[in-house]
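Just so we're on the same page: letters track the sequence lines, and every chain starts at 1. FYI, side chains are in, hydrogens and waters are out, and symmetry mates aren't considered; it's all heavy atoms of this structure.
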Amino acid sequence: MASYDDVMSLSVRRGFLWPAVDLYGGFAGFYDYGHNGFLMRRRWEDLWTETFLGLSDNYYLIDTTTILPEAPLKASGHVDHFSDLLVTCTRCGESYRGDQLLEGATHEEHEGLTPAELDARIRELKIRCPNCKGELGPARPFNMMFPLDVGPTGKDRAYLRPETAQGVYLNFRREFEALRRKLPMGLAIVGRAYRNEISPRQGAYRMREFLQAELQIFFDPATFGAGLPFDAIASAPVRIAWAAEKNQPGAHEIFPKDLVASDLPPWYVYHLAAVQRFYLDRLRVPRDAFRFAELDEKERAFYNRIHFDIQVKQESLGGFKEVGGVHYRTDHDLKGHEAMSHAKQSVTFDGSRLIPHVLELSFGVDRNVWALLDLSYSKGERIVLRLPPRLAPVSVGVFPLVNKDGLPEKAEALHVSLRKRFAAFYDDSGSIGRRYARMDEIGTPFTVTVDHESLEGKGVTVRERDSQKQIRLTESELADTLTQLLAGDKTFGA
RNA sequence: GCGUGGGUAGUCUAGCGGUAGGACGUUGGCCUUCCAAGCCUACGACGCGGGUUCAACUCCCGCCCCACGCACCA
């Protein structure tokens with residue numbers, strides 16, 4: 001059980017994460033990673049990449065610009081749907097979205113109005129503040145995207161990308177050609193995205209600059225399901241909370257075939273199972289702390305036909321919180337870019353001509369890092385970060401038992417040799433217990449101690465973080481055994 | 001953005017209109033044969049800006065930042 005302050009305090013103290021620019025009082029919505037946070041994050045990204053690119057031989061990482069001109073973001077719908085006109089009540093100060101006020105009054109859709117047009121309509125319809133009946137102030141544009149003026153004249157309107165996905169869609173045709181016209185084709189980006197959140201909150205949970213890891217899978221809906229090894233996931237139930245239950249704490253355990261029976265496409269269910277396996281098996285998230293939460297039609301974006309959030313239960317954030325999503329975006333994005341750019345996005349594959357559909361596996365990297373810090377945090381006599389070994393910033397700590405009799409020299413030599421294969425860290429400061437405690441706090445799974453017996457060729461001790469138990473290994477077997485322990489191929493003490 | 005509460009070393013915290021104290025951590029040393037021991041040593045803070053005052057960390061104003069609630073989160 002970790003409170004928000006527990007996680008943040010450890011993060012700051014041990015070099016994981018802290019508010020950016022705090023020298024100048026901070027900068028809301030922006031966080032910096034320290035040395036351990038960066039290592040842990042990179043290990044998460046590596047594991048993510050290995051897992052999801054591993055779903056197919058035709059899935060790859062690409063990297064695209066973080067600044068996009070206006071046109072593609074108009075095509076994607078972000079310029080119109082990500083920008084709202086806000087109207088503030090002059091009496092009670094409450095703010096409303098202009099289009100929603102008009103819709104409430106006329107039951108018609110109102111999009112693309114200028115601020116002046118909206119003001120005129122509000123006067124015409126005599127709309128008052130729904131909260132206090134006060135007079136409404138002038139409309140002002142609010143854009144969730146950060147606008148930029150590119151070039152010397154500043155006339156080329158551009159934005160920081162609000163999601164990495166568009167970079168993939170813009171490169172679909174190039175990659176389809178370069179990857180020799182095969183479907184399904186997967187293109188992933190791990191990179192930064194930017195949203196001008198109205199009120200950033202809860203540390204790394206809602207930030208204005210954040211990292212996404214997104215895999216866009218392009219496929220033919222007619223054949224995608226048949227090409228997937230559905231049997232491989234059929235026996236494991238998937239944890240689901242339906243839209244109506246999202247404020248309840250639990251989840252149903254539903255077998256894949258029953259999800260298909262409830263109208264989800266087999267290929268969609270297959271990917272839910274793959275995502276769940278990533279969380280439960282690779283990230284070692286406790287089963288009851290993981291679920292998919294369905295979004296109903298009102299909640300999901302207009303282009304998503306099917307949308308389940310990936311949620312992880314975090315004490316520090318007050319329960320199940322979104323860390324990613326599985327989105328069936330249909331052919332919305334490619335169609336939009338075709339219409340705007342006039343560049344054909346349809347392709348011929350297996351004898352049929354189509355604009356591929358897209359399944360997006362989307363993950364907030366910072367949110368995932370935070371969730372793992374939260375879940376790993378355990379506090380007894382001392383704080384222990386029970387990270388999965390793959391994610392720990394340091395894999396092996398190396399210590400001399402005492403600082404005399406040549407033990408430091410021997411331990412340092414061992415450290416130098418272990419460094420070639422592991423993220424190893426040497427420490428001879430303070431007592432041995434203190435050094436174990438320091439390693440526990442950053443989640444180092446194993447520590448090796450050189451003692452007097454080591455000088456006599458009787459090996460070294462290896463301590464396991466979670467059990468605090470020790471075994472003695474000869475120096476010749478040490479490296480291979482550590483490799484097996486870290487990979488989970490061997491159980492400690494066995 | 002609105003409301004409530006808050007901001008003192010790296011972390012946690014005491015305090016006062018007049019020299020800012022502690023604990024833990026960190027540094028260096030002594031000691032030490034396995035889990036934050038002990039002794040010595042050193043480093044280290046009043047979020048920012050303005051005002052009142054002989055004097056402001058303390059009172060007043062503005063801003064920034066944080067948590068929580070509301071709103072927002074295509």
Identify which nucleotide among B/rC34, B/rC2, B/rG10 has an atom closest to any side-chain atom of A/R13, counting heavy atoms from C-beta outward.
-> B/rG10
Geometric class of the A/F292/A/F290 ring pair [parallel <30°, tilted 30-60°, perpendicular >60°] | perpendicular
B/rG15 to B/rC63 separation - P atoms, rounded to the nearest Å = 29 Å
Bracket string, RNA chain B, 5' to 3' - pairs by Watson-Crick or G-U geometry under 3.5 Å, | interstrand = (((((((..((((....[..)))).(.(((.......))).)....(((((..]....))))))))))))....
Consider the side chain of A/S429, meaning its heavy atoms from C-beta on, and name the nucleotide among B/rA74, B/rG10, B/rU27 that approaches it most closely.
-> B/rU27
Residue A/V402, side-chain heavy atoms: nucleotide from B/rU32, B/rC34, B/rC72 that is nearest | B/rU32
Any A/Q202 side-chain N or O less than 4.0 Å from OP1/OP2 of B/rC68 = yes
Using the test side chain to side chain contact (heavy atoms under 4.5 Å, CB included), find all partners of A/P69 that sit at least two apart in sequence or belong to another chain.
-> A/P72
Side chain of A/I432 - closest among B/rC66, B/rC34, B/rA74 | B/rC34
Can you check the A/R435 CZ to B/rA37 C1' distance for me, whole Å?
-> 14 Å
Pick the P atom in B/rA9 and in B/rG21, then give their distance to the nearest Å.
-> 15 Å
If you measure from the P atom in B/rA14 to the same atom in B/rG51, how many Å do you get, rounded?
-> 31 Å
So, for A/F16 and A/W370, is the gap between ring centers shorter than 6.0 Å?
-> no
So, for A/F302 and A/H81, is the gap between ring centers shorter than 6.0 Å?
-> yes
A/T461 has a side chain; which of B/rA74, B/rC68, B/rC34 sits nearest to it?
-> B/rC34
For A/H327 and B/rA74, what is the distance between atoms NE2 and C1' respectively, to the nearest whole Å?
-> 12 Å
Separation between the P atoms of B/rG69 and B/rC61, rounded to whole Å = 27 Å
Across the strands shown, which category fits A/N403 at heavy-atom distances under 4.0 angstrom: base, sugar-phosphate, nothing?
-> base
In whole angstrom, what separates A/F27's CZ from B/rG47's P?
-> 21 Å
Would you find more than 12 non-hydrogen atoms of other residues, nucleotides or ligands less than 6.0 Å from A/E381 atom CD?
-> no
Which of B/rA74, B/rC34, B/rA67 is nearest the side chain of A/D451? It is B/rC34
A/R195 charged N/C atom sitting above A/F210 aromatic ring, 6.0 Å / 45° = no
Considering only heavy side-chain atoms of A/R201, the closest of B/rU27, B/rC70, B/rC73 is B/rC70
Kindly write out the residues that satisfy salt bridge (Lys or Arg N to Asp or Glu O under 4.0 Å) with A/R419, not counting sequence neighbours, or none if the list is empty.
-> none
Between A/M40 and the options A/I442, A/L385, A/L17, A/L372, the side-chain contact (heavy atoms from CB on, under 4.5 Å) test singles out A/L372
Using the six-membered ring wherever Trp is involved, compare the ring planes of A/F492 and A/F446 and label them parallel, tilted or perpendicular (cut-offs 30° and 60°).
-> parallel
Taking the same atom, P, in B/rG47 and in B/rA56, what whole-Å distance lies between them?
-> 15 Å
Side-chain N,O (A/R434) to OP1/OP2 (B/rU26) below 4.0 Å = yes
Quote, to the nearest angstrom, the C1' distance that separates B/rG17 from B/rC60.
-> 13 Å
Result for 5'-nearest mapping on RNA chain B, choosing between A/D405 and A/R367, is A/D405
Please give, in whole Å, the distance from B/rC64 P to A/L23 CG?
-> 18 Å
A/V12 has its side chain closest, among B/rU27, B/rU11, B/rC70, to B/rU11
Could you work out the separation of B/rC64 and B/rG50 based on their C1' atoms and round it to a whole Å?
-> 14 Å
Please give, in whole Å, the distance from B/rA67 C1' to A/W18 CH2?
-> 21 Å
Spacing of A/R465 atom CZ relative to B/rC35 atom C1', expressed in whole Å = 15 Å
Regarding the side chain of A/S199, the nearest nucleotide among B/rC70, B/rG10, B/rA37 is B/rC70
Candidate nucleotides B/rA71, B/rC73, B/rA74, ranked by approach to the side chain of A/I198 - the nearest = B/rA71
Does the side chain of A/K404 get closer than 4.0 angstrom to OP1 or OP2 of B/rU33 through an N or O atom?
-> yes
Return the value, rounded to whole Å, for the distance between atom OH of A/Y205 and atom C1' of B/rC73.
-> 9 Å
Whole-Å C1' distance, B/rU26 and B/rA45 | 15 Å
Report yes if a side-chain nitrogen or oxygen of A/S431 is closer than 4.0 Å to either non-bridging phosphate oxygen (OP1 or OP2) of B/rC34; otherwise report no.
-> no
